[in-house]
Amino acid sequence: MTDLGSIFSLALSLVISGDQQLYSIIVLSLRVTLTAVLLGCLVGIPLGAALATYRFPGRGAAIAVLNAFMGLPPVVVGLAVYLMLSRSGPFGVLGLLYTPTAMIIAQAILVTPLIAALSRQSLADLHTEYDDLFRSLRLRPSDKIRALIWEGRYGLSTAALAGFGRAIAEVGAVIIVGGNIEHVTRVMTTAIALETSKGDLALALALGLILVTIAIAVNAAVLSLNRTARRLAYA
Amino acid sequence: MLERVAATTAQNGSAPIDAKSGRPPMFPIATRGMTLRDRGRVLLDRVSLTLDQGTRTVIMGPNGAGKSLTLRAIHGLIRPDEGDITWAGRPTDADVLSRQAMVFQKPMLLRRSARANIEFVLRSAGRTTSNQLVDGILARARLIHVAASPARLLSGGEQQRLAIARALALEPDLLFLDEPCANLDPASTLAVEDMIERARTAGAKIVLVTHDIGQARRIADDVVFMSSGRVLEHSAAAAFFDKPKSSAAEAYLAGRLYIDPAASSR
Amino acid sequence: MIQFRKALAIAAVIALSALSTPVEANDKYIVVQSTTSTEQSGLFKHILPMFKAKTGIDVRIVAVGTGQALKNGERGDGDVVLVHAKAAEEKFVADGFGVKRTEVMYNDFVLVGPESDPAKVAGSKDIVAALKSIAEAKAPFASRGDDSGTHKAELDHWKPTGIDVKSASGEWYRSTGSGMGPTLNTAAGMSAYALTDRATWLSFKNRGPLKIVVEGDKRLFNQYGIMLVNPAKHPTVKATEGQAFIDWITGVEGQNAIRSFQIGGEQLFFPNAPGV
């Protein structure tokens, strides 16, 4: 029942049959995760760039905390966001619990430290490379950070992909704040968790296979775009 | 660090205004007793120099002499532990910092087109940029044909010419060059020297660090010779190449290995 | 720098538009905190379309353990709670978190275990005796351990045996701390005994060596109750729509809908709302 061949063909038949529910789950997964990664980049990349660029007291501690937060357990983040968004929590009035927005918030919190830490690592080398030039040009701090981010755009796309990988694969946070409500907040990972707990391991694995395929496709797309841009443009 | 230098010395409204440029004079530049240490090692040892307007000063000396550090200290990239720098008598301020540019041994080009590299400096200095202006800058560097090419895919000579064009885009009154031809072939070296010459005719003070004695002879009006962090002599070019005062300089010009007795005893 | 600003602007626009995309146009919905057994057996999938067709109200099910469902209700994160742990439900109402408890339906728990039956309990109708035998044989037993309704029921059955399962935890007694499905997966994997509600068992597909070994004991009765979350405590509760659902499910139509839900010709839940 659960041999690889039959799982593969089950996954294939699910995709080919054009199952409406499957497609809406895939679309929601991508929408939630891509938005979360985008938000994570908007915050994480400038944060990483600032940490790569400036020396200030407590910087070492900030980097250590950031690196530790790369491994934040999704359930802990989910729980914290749940307590914030719960009707009894400080942001309860917004009524965001059990909505895709809540899932986006949780995943954004999950991936921001990862993206920031990886951005810092990749921009630190670039900062060493360009520090003399930028100081010679008397760049303002904000210009320095923007220039550094643009110079590091290829390396930063890898950081964004790492964030995507973490978010698309996690179940602990979205199942708590989303509630895994059918047609509303059910995404690939929560659907897999559900099928697993129904004991339908073949279906769960087939969904897992589809999820992995999507993740590979997204990675391949970004990396090949990256390579083309790099070759055509600015080495 | 740089910001601190500028902030503490920004107020100097009483300096006389140069009639031509509309800005206060910045020459001569004088360093007094400039000393830099790193973990007990003396990297710059009481460097006192006077750099006059309009001349091409070449700094020479063996590796580790402190040539680049001297350049970087005057340019405001590092802060010496002791000593001071004055510009026509006034301390370093935002005005003098904005009127100088530096070309490094590595071109340090941005990962964008040649044109975008020029536009970047113009914009970051708050200048308006136009295609015409940038075309002119690229044409003078004989780079107009590669304007749209990725800067970091240009040849070594083209890259260094672009780096110089980028430094000259802001029309500095003072141009530092730190071994700009170290990795270039003879033809590219001459092209770079040609650009340096045009910058000088446009009125820029040139301060060049080089190991190339032939280049020093072609360019220098005056020569500073350094060894082990100290200035051993500062002479007119003709006098220096004819008969250097120190035995270290003599050995250096003759291509002999010279061990500084003072350095080994320290 | 222009490209950078452009990229930033595009990113911001995408982020904002994605965030502001309406979840769904229809705002007429309620959130029901319920249990995995009702959701995973497919009961809701069977009956909710009938309710929606009649009232236009969407019912969003958050399926968790009874303990967590009640906790979420206490916090106001839901309009209705439908669970199966009578004592806890009565406390929920007594503490003012729920308005009124109404019984909806029942089914029963069954003890499942490996075909090899190391504790020799198969065919018994005495759950307490069976648990005693399992403990004596030190045969592996997988417990929910998650404060769910099933977990509470299981602990109630251990009580008369006088066996302290806590001290056996980690040896033959395995507390999985997870839902019914994952616990059954674990039991199947380690050939352990486990207590499960019949609905989940019937819809469960990864049975492995497991089969029902004890059923039919009156004490294995499993009653479900429904409560409206108290709007006086949480003004955001959609009291009208929530009460409409409660009235429907405990009324004739809802009760018939529950009765009509079958898996493999077997009825999973037995409606027993008062006065129907």
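Naming convention: chains lettered A, B, ... in sequence-line order (proteins, then strands); numbering from 1 in each chain.
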Would you compute the distance between atom CZ of A:F134 and atom CZ of B:F120 and round it to the nearest 0.5 angstrom?
4.5 Å

Return the CD to CZ distance between A:E151 and B:R152, rounded to the nearest 0.5 Å.
7.5 Å

Output the distance between atom OG (A:S136) and atom CZ (B:F176), rounded to the nearest 0.5 Å.
9.0 Å

Rounded to the nearest 0.5 angstrom, the CD-NZ distance for A:E129 and B:K106 is 7.0 Å

Donor-acceptor pairs are to be reported for all side-chain atoms of residues 76-85 of chain A against protein atoms at under 3.5 Å, with residues two or more places apart or in another chain.
{"residue": "A:Y82", "atom": "OH", "partner": "C:N72", "partner atom": "OD1", "Å": "2.6"}
{"residue": "A:Y82", "atom": "OH", "partner": "C:D77", "partner atom": "OD2", "Å": "2.9"}

Assess whether a salt bridge exists between B:R72 and A:D132, defined as any Lys/Arg side-chain N lying under 4.0 Å from an Asp/Glu carboxylate O.
yes

Got a sec: does the CD of B:E171 have more than 12 other heavy atoms crowding it under 6.0 Å?
no

Other residues, nucleotides, ligands: >12 heavy atoms within 6.0 Å of B:R41 CZ
no

Check this for me: A:F69, atom CZ, are more than 12 non-hydrogen atoms of other residues, nucleotides or ligands nearer than 6.0 Å?
no

Which heavy-atom pair separates B:H75 from A:R138 by the least distance, and what is that distance?
O-NH2, 2.9 Å

From B:S124 OG over to A:R140 CZ, what is the distance, rounded to the nearest 0.5 angstrom?
8.5 Å

Please list, chain by chain and in numerical order, all residues satisfying side-chain hydrogen bond (donor to acceptor under 3.5 Å, both in side chains) with B:D95, sequence neighbours excluded.
B:R23, B:R90, B:R99

A:F8 atom CZ: more than 12 heavy-atom contacts under 6.0 Å:
no

Could you walk me through whether B:L110 and A:W150 pass side chain to side chain contact (heavy atoms under 4.5 Å, CB included), step by step?
CA-CA 9 Å; B:L110 301 171; A:W150 187 250; over 6 Å; no

From A:L133 CG over to B:R166 CZ, what is the distance, rounded to the nearest 0.5 angstrom?
4.5 Å

